[in-house]
Amino acid sequence: MKQEVIKSLQMAFESLKTQWGIDSIPEVEVEIPRDEKMGDFATAAAMKLTKILKKPPRDIAHEIVSKLSEQSSGLFESIDIAGPGFINFRFNKDFFRNQLKALLKGDEALLSSDIGKGQKIQVEFVSANPTGPLHIGHGRGAAVGNALSNILEAAGYEVEREFYINDAGLQINLLGQSVYARYQQQLGNVIDFPEDGYKGEYIEAIAEVINEKYGNKYLDQTFDECGGPVTEFAYKMMLENIENDLKDFGVIFDRWQSEKDLHENGMVGKALDSLKDKGLLFEEGGASWFRSTEFGDDKDRVVKKKDGEFTYFASDISYHKNKLDRGFDGIIDIWGADHHGYMQRIRSVLEAFDLPKDKFRVILIQMVSLLRHGEPVQMSKRAGAFITLREVVEEVGPDITKFIFLTRKADSHLDFDIDVAKEQSAENPVFYVQYAFARISSIFRLAEENGLNSAGNLNNHDIDFSVLQEDEEISLIRKLLQYPMVFEGAAIACEPHRITYYLQELAGVFHSYYYKHRVISDDIQLSLARLSLCKGVKIILEQGLKLLGVSAPEKM
RNA sequence: GCGCCUGUAGCUCAGUUGGAUAGAGCAACUGACUUCUAAUCAGUAGGUCGGGGGUUCGAAUCCUCCCGGGCGCGCCA
């Protein structure tokens, strides 16, 4: 729909070029006006040209409009000049009706997009340490990462969803020690709990499972002796829990990349070697450093400590090198905002490995404050006092939880009040959207009973769309046709929340229409045309909800 | 001290990358169920876009300086 306007404007500019005495035509930008009454599309081109042409914007607008009317494509009902020099376009109704027909025939361009052109893109998200259950913040990352992946996929990218497992290093070791200590305690041994150990109940649970499975096998062993298998068991069980939590939240990953594997396969050393070959490593104070200042970082970063151990950053270098080696055209990392200080470092690494700047993108997910009755819930993983994602999902439900996460842009803080999410469930925006879908489904059930078979008839009969005359019907089609633009915008900006808002608007236009006009009536032709319109709404609602990972129920 | 995010209606948030009279939902108030689902609809009210200055035809949006909130600045992971 947007393309038609742009094309017309480009043609007009082309023929005005000589008259204006400019070499190339200006870039054409069109927007959807805030108020539907202004038109379907608007351009501020005349105002932007005023500086170059040294003429008042309204004069320029007049020249453009008269050129446009010479072209008279017949697409537009009206082209007006308004305000300081906006040009407003209004499509004629047949254009809308034809587009609706195209949507129902399954015109892909109205549902998806090919801006991705098959490029391979990797989206890494959640990537929580497997040392405890997922909390609500991880849930937000999961919801956004999942929706974004879906959107990019629909936009023609080949997407891989990946979870990076931090299964090497001190934290995992601490997990093992904590479980070991609980195991000993459960079997009656008096043993000190590690000072910084994980104190949550889940640690006890893991210890119990070890007890059930292996009995007192490790009872007489020190941690030095049995730390390996105990730690491995603990972390695998933890990882399994995480995977299940995500699955029950409706988020599935394509690939789980282990940090430990990178070490064991020598990838870390290799990655550093290739930096060395580029002359980007140096030795100082017995440690190895990456010259990240070369790429705009504040200071150079240690990759190998003086005790010979790799830093965490070294694994990340190797991990991102690994991503590049796997042939991705673009890399998107979704991190908690508390990791933002890490961004420039990774950016430097990827630049060192020759990835163009615009191919790497970090989406920071701001903190979630969990509230109950308006009071903040204190969260501390170490102390074990926190509410898990699972608890929230079980209490509030996955659809509401996801929808709330996706109704805000990622980089703003979010208050998640469990009681508000639950108590207002009847007024919750997610139901507003789902209800529109359920209502349409209900209409189709009735249509079925009345012999207006939805699927069959709507496809086989030559339905006369010209009976769709009501303003609300045209508004509804107009809204439907905005979907590809919204969707593309969401993909380009990596902002799933745009879809969430759009769906609410679409549902709103539909509810309003529903209240005012009856779909099924004695007039068969009209009924069929209106059913077709509803079908169109249903298709878009379903598609949008699918991208968000939210269910579309036939009944509510 | 430096860096990132943030401040928009009583509350929770959008604002199409600089455009027209700043928008939703909740809460408040008025109305609408004999109809394909009232989890809905129609309407009223609610604003110094944190504050000052600047850039220009035009600023919630860009620059700058203040004020407030969150987070981060290890040879930790």
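Here is the naming used below: chain letters follow the sequence lines, and residue numbers restart at 1 for every chain.
- Across the C1' atoms, B/U48 and B/U44 are found 24 Å apart, a figure rounded to whole Å.
- Relative ring orientation between A/F91 and A/F41 is described as perpendicular, the plane-to-plane angle rising above 60° on a 0-90° scale split at 30° and 60°.
- Counting only heavy atoms from C-beta on, A/Y514 has its side chain closest to B/C36 among B/C36, B/C57, B/C71.
- Separating the C1' atom of B/C67 from that of B/A22 is a span of 24 Å, rounded to the nearest Å.
- Note that A/K538 lies in the cation-pi zone of A/F437, set by a 6.0 Å cut-off to the ring centre and a 45° limit from the axis.
- Residue A/G285 is in base contact, counting any heavy-atom pair closer than 4.0 Å across all strands shown.
- Nucleotides of RNA chain B nearest to A/N428 and A/E309 differ in position, and the one nearer the 5' end is that of A/N428.
- Looking at A/D399 and A/Q434, their side chains do bring a donor and an acceptor atom within 3.5 Å of each other.
- The phosphate of B/C36 has neither OP1 nor OP2 within less than 4.0 Å of any side-chain N or O from A/R518.
- For B/C57, the paired nucleotide is B/G19, the pair qualifying as Watson-Crick or G-U wobble because both relevant distances are below 3.5 Å.
- The glycosidic torsion of B/U17 lies within 90° of 0, placing the base in the syn range.
- The A/E495 side chain lies nearest to B/G15 when the options are B/U40, B/G15, B/C36.
- Shown here, B/C73 forms a base pair with B/G1; the pair counts as Watson-Crick or G-U wobble because both key distances fall under 3.5 Å.
- Between the side chains of A/E470 and A/Y513, not a single donor N or O lies within less than 3.5 Å of an accepting N or O.
- Using a 3.5 Å distance cut-off with no hydrogens or angles, the side chains of A/E31 and A/T43 do not pair a donor with an acceptor.
- A/L170 comes within 4.0 angstrom of the backbone, heavy atoms only, and of no base.
- On a pure distance criterion of 3.5 Å, a polar donor-acceptor pair joins the side chain of A/H340 and the base of B/G3.
- Side-chain N/O atoms of A/N88 and base N/O atoms of B/A20 include a donor-acceptor pair closer than 3.5 Å.
- Side-chain contact, A/E283 with A/S288: a donor N or O sits under 3.5 Å from an acceptor N or O.
- Of the P atoms belonging to B/C62 and B/G7, the separation is 11 Å, rounded to the nearest Å.
- Closest approach to the A/D415 side chain among B/A14, B/U56, B/C13 is made by B/C13 (side chain taken as heavy atoms from C-beta onward).
- Within the 4.0 Å cut-off from OP1 or OP2 of B/C76, at least one side-chain nitrogen or oxygen of A/K305 is found.
- Residue side chain A/Y515 reaches the base of B/A32 through a donor-acceptor N/O pair under 3.5 Å, judged by distance alone.
- Taking only side-chain nitrogens and oxygens, A/K37 never comes nearer than 4.0 Å to OP1 or OP2 of B/U21.
- Atom P of B/A42 sits at a distance of 11 Å from the matching atom of B/A24, rounded to the whole Å.
- Residue A/Y432 is classed as a sugar-phosphate contact, given heavy-atom separations below 4.0 Å to backbone atoms only.
- Phosphate proximity of B/A14 to A/S412: present, with a side-chain N or O under 4.0 Å from OP1 or OP2.
- Partner assigned to B/U35 is none, using Watson-Crick or G-U wobble distances below 3.5 angstrom.
- Residue contacts for A/N166: at a heavy-atom cut-off of 4.0 Å it reaches no nucleic acid atom on any strand shown.
- Residue A/H511 is classed as a sugar-phosphate contact, given heavy-atom separations below 4.0 Å to backbone atoms only.
- The gap from the P atom of B/A77 to that of B/G68 amounts to 36 Å, rounded to the nearest Å.
- A/S412 places a side-chain N or O within donor-acceptor distance of the main-chain N or O of A/K409, the cut-off being under 3.5 Å.
- Here the separation of B/U6 from B/A45, taken at their P atoms, is 33 Å to the nearest Å.
- No contact: A/K516 has no heavy atom under 4.0 Å from any strand.
- For the C1' atoms, the distance linking B/G52 with B/G10 amounts to 27 Å, nearest Å.
- In this model, the phosphate group of B/C36 is not approached by any side-chain N or O of A/H517 to a distance below 4.0 Å at OP1 or OP2.
- Between B/C75, B/C5, B/C36, one nucleotide has an atom nearer to the side chain of A/I520 than all others, and that is B/C36.
- The same atom, P, is picked in B/A38 and in B/C29; the two are 23 Å apart, to the nearest Å.
- Note on A/R34: every side-chain N or O is 4.0 Å or more away from OP1 and OP2 of B/U21.
- Checked against B/A39, B/A77, B/U6, the side chain of A/H339 finds its nearest nucleotide in B/A77.
- Contact between the side-chain N/O atoms of A/R439 and the OP1/OP2 oxygens of B/A38 is found at a separation under 4.0 Å.
- Closest-nucleotide positions on RNA chain B for A/K299 and A/S512 were compared, and the one nearer the 5' end corresponds to A/S512.
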